[in-house]
Amino acid sequence: MQTTVIFHTHKKQKGGALLALLLVVLALLAAIALYVSWYVRQPLDFAPGVSGQRLQIEVPKGAGAQTIATQLVDSGIQVQPQVAYWWLRLQGSGLKAGYYEIKRGSSLYSIALQIKEGKQSLLSLTVPEGWTLRQVRALLKEKAWLQQDSAQMSERELLQALDLEALPSLEGQLAPDTYVYAPGTSDLVFYKQAHQHLMKNLQAAWDTRAPDVQVKTPQEALILASIVEKETGRGADRALIAAVFHNRLRINMPLQTDPTVIYGMGERYAGNIRKKDLQTDTPYNTYTRRGLPPSPIAMAGKAALHATLHPANTKALYFVARGDGSSHFSDNLDAHNRAVRQFILKR
């Protein structure tokens, strides 16, 4: 009997120790869980060398929690690597590849949720007024985050891919503006959207055109607007410049505008126009040919489209650059020659 009692006492003591150890472990795990829960919701700062309020990270395809945690640290986010790893690992296999914009002050919780839900940052590209198609295509090739579906296409192949085979060229058929896309978007999406945007702008200007404009179709208006765009140094002069070209078209006077000559020269243009260039005939030489060139020479913005179809009320036939971005307008050749001597020849 006595031996039996001693045995049960020893057994109870051992069970109590295990229970106490278990409680300690559970308490420790609970403390760790509380700490992690608190930590992942704390705003994170950027490393001292990182400027700005946001930065970009790329999550490659197939990247796991360790790779992403390392990228967060390497990009300059001040986060504990092991906590980041375990928290990302808890998200399972749902972490999505892509480009993500991380704002200063974001928490690890919000960052992981952003990646898990695939809320990628939107990136932008800007096409300035007056750019040519060649410049636009070069810009798109620089955007590594775009899917380069058209990079190796000829212009004719690109027109076919866009269902625009009826157009002689894509030149001038895109609206200059800022466009925003998710990384991985096909560059063909940009072309389609930019063309639709241009058509909307053109139709809006055409529908409210002045009654005496000297263009017969929206495409003719687009051609003239591209010239106005290239000739305008100051926005306030657009409608006056447009009026000069309308006045010349009205009397069948050559447009005689240098930007069309430059466009027709293509890669031969080396930064200046010689007398020989003005005398060398091309479809775009408005010194040797009357009327409009066969296509736009650049991307025309909304302001140029509006000015072209709402020209100023003036009899001016000539204009010359003053040298400060503005232009001087003249009604006749004698007055124009005096302006040339004053502003160009400085006599």
Side-chain angles (χ1 to χ4, degrees), residues 125-142 150 155 158-159 162 164 167-179 190-191 193-206 213 215 217-235 237-246 248-249 254-273 277-278 282-287 289 291-311 319 321 325 327:
L125 61 92
T126 299
V127 178
E129 290 89 348
W131 267 28
T132 64
L133 179 62
R134 180 185 301 176
Q135 290 173 300
V136 173
R137 298 198 73 176
L139 173 68
L140 294 187
K141 288 180 180 179
E142 292 175 359
S150 73
E155 185 180 349
L158 179 54
L159 285 168
L162 299 173
L164 298 175
L167 292 175
S169 171
L170 195 57
E171 190 70 84
Q173 302 294 334
L174 309 173
D177 207 336
T178 295
Y179 298 86
F190 158 76
Y191 284 114
Q193 183 178 0
H195 177 67
Q196 291 169 357
H197 189 21
L198 185 279
M199 290 294 100
K200 181 179 179 180
N201 292 345
L202 178 58
Q203 192 62 51
W206 181 257
V213 294
V215 287
T217 67
Q219 280 299 314
E220 285 189 359
L222 185 59
I223 293 171
L224 185 54
S226 73
I227 298 173
V228 171
E229 188 72 82
K230 295 296 287 186
E231 284 281 20
T232 301
R234 188 181 67 172
D237 290 341
R238 281 195 186 94
L240 287 165
I241 290 173
V244 167
F245 291 131
H246 280 292
R248 290 185 177 186
L249 289 170
L255 295 182
Q256 295 183 329
T257 170
D258 291 355
T260 62
V261 177
I262 292 171
Y263 186 84
M265 292 173 65
E267 295 183 359
R268 292 189 294 110
Y269 179 64
N272 64 308
I273 301 179
D277 299 321
L278 298 178
T282 75
Y284 291 88
N285 190 332
T286 52
Y287 285 83
R289 301 192 184 196
L292 295 168
S295 73
I297 60 171
M299 311 296 168
K302 291 176 69 173
L305 288 168
H306 185 271
T308 298
L309 291 167
H310 302 82
F319 62 92
S327 297

Passes side-chain hydrogen bond (donor to acceptor under 3.5 Å, both in side chains), S295 versus S169? Steps please. CA-CA 7 Å; S295 73; S169 171; 5.1 Å; no
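- At distances below 3.5 Å, at least one donor-acceptor pair connects side-chain atoms of K230 with backbone N or O atoms of G130.
- Put simply, the side chain of N285 gets close to the backbone of L278: a donor and an acceptor are under 3.5 Å apart.
- Not a single donor-acceptor pair under 3.5 Å links the side chain of H195 to the backbone N or O of Y191.
- Side chain to side chain, E171 and T132 fail the donor-acceptor criterion of an N or O pair below 3.5 Å.
- Each of L133, V127, L198 was checked for a side-chain contact (heavy atoms from CB on, under 4.5 Å) with L174, and the lone residue meeting it is L133.
- Contact record, A225 with A304: O-CB, 3.8 Å, taken as the closest heavy-atom pair.
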Go through the steps to decide whether E229 and R238 satisfy the test side chain to side chain contact (heavy atoms under 4.5 Å, CB included), and finish with yes or no. CA-CA 8 Å; E229 188 72 82; R238 281 195 186 94; 4.1 Å; yes
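- Nearest heavy atom pair, residue P311 against residue V213, reads CD-CG1, 3.9 Å.
- In this structure, the separation between CG on L170 and CZ on R137 is 8.0 Å, given to the nearest 0.5 Å.
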Is there a side-chain hydrogen bond (donor to acceptor under 3.5 Å, both in side chains) between D258 and Y287? Walk through the geometry before answering. CA-CA 9 Å; D258 291 355; Y287 285 83; 2.6 Å; yes
Test log, rule side chain to side chain contact (heavy atoms under 4.5 Å, CB included), inputs E231 and V228: CA-CA 5 Å; E231 284 281 20; V228 171; 5.9 Å; no
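- Closest of all the heavy-atom pairs between A239 and A307 is N-CB, 3.7 Å.
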Is there a side chain to side chain contact (heavy atoms under 4.5 Å, CB included) between K302 and D177 once you walk through the steps? CA-CA 10 Å; K302 291 176 69 173; D177 207 336; over 6 Å; no
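- Judged purely by atom type and a 3.5 angstrom limit, H246 uses its side chain to pair as donor or acceptor with the backbone of T308.
- In this structure a side-chain-to-backbone donor-acceptor pair under 3.5 Å is missing from R248 to G291.
- Side-chain atoms of T260 come within 3.5 Å of backbone atoms of Y284 as a donor-acceptor pair (strictly under, hydrogens ignored).
- Checked by atom type and distance alone, the side chain of S150 never pairs as donor or acceptor with a backbone atom of L158 at under 3.5 Å.
- Looking at T217, its side chain does come within 3.5 Å of a backbone N or O of E220 through a donor-acceptor pair.
- Interatomic distance, M199 CE to Q203 CD, rounded to the nearest 0.5 Å: 9.0 Å.
- Annotation for A221 and L202: closest pair CB-CD1, 4.4 Å, computed over non-hydrogen atoms.
- Within the 3.5 Å criterion, the main-chain N or O of T257 finds a donor-acceptor partner in the side chain of T286.
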Just do the side chain to side chain contact (heavy atoms under 4.5 Å, CB included) check on L139 and W131 with the steps written out, would you? CA-CA 11 Å; L139 173 68; W131 267 28; 3.9 Å; yes
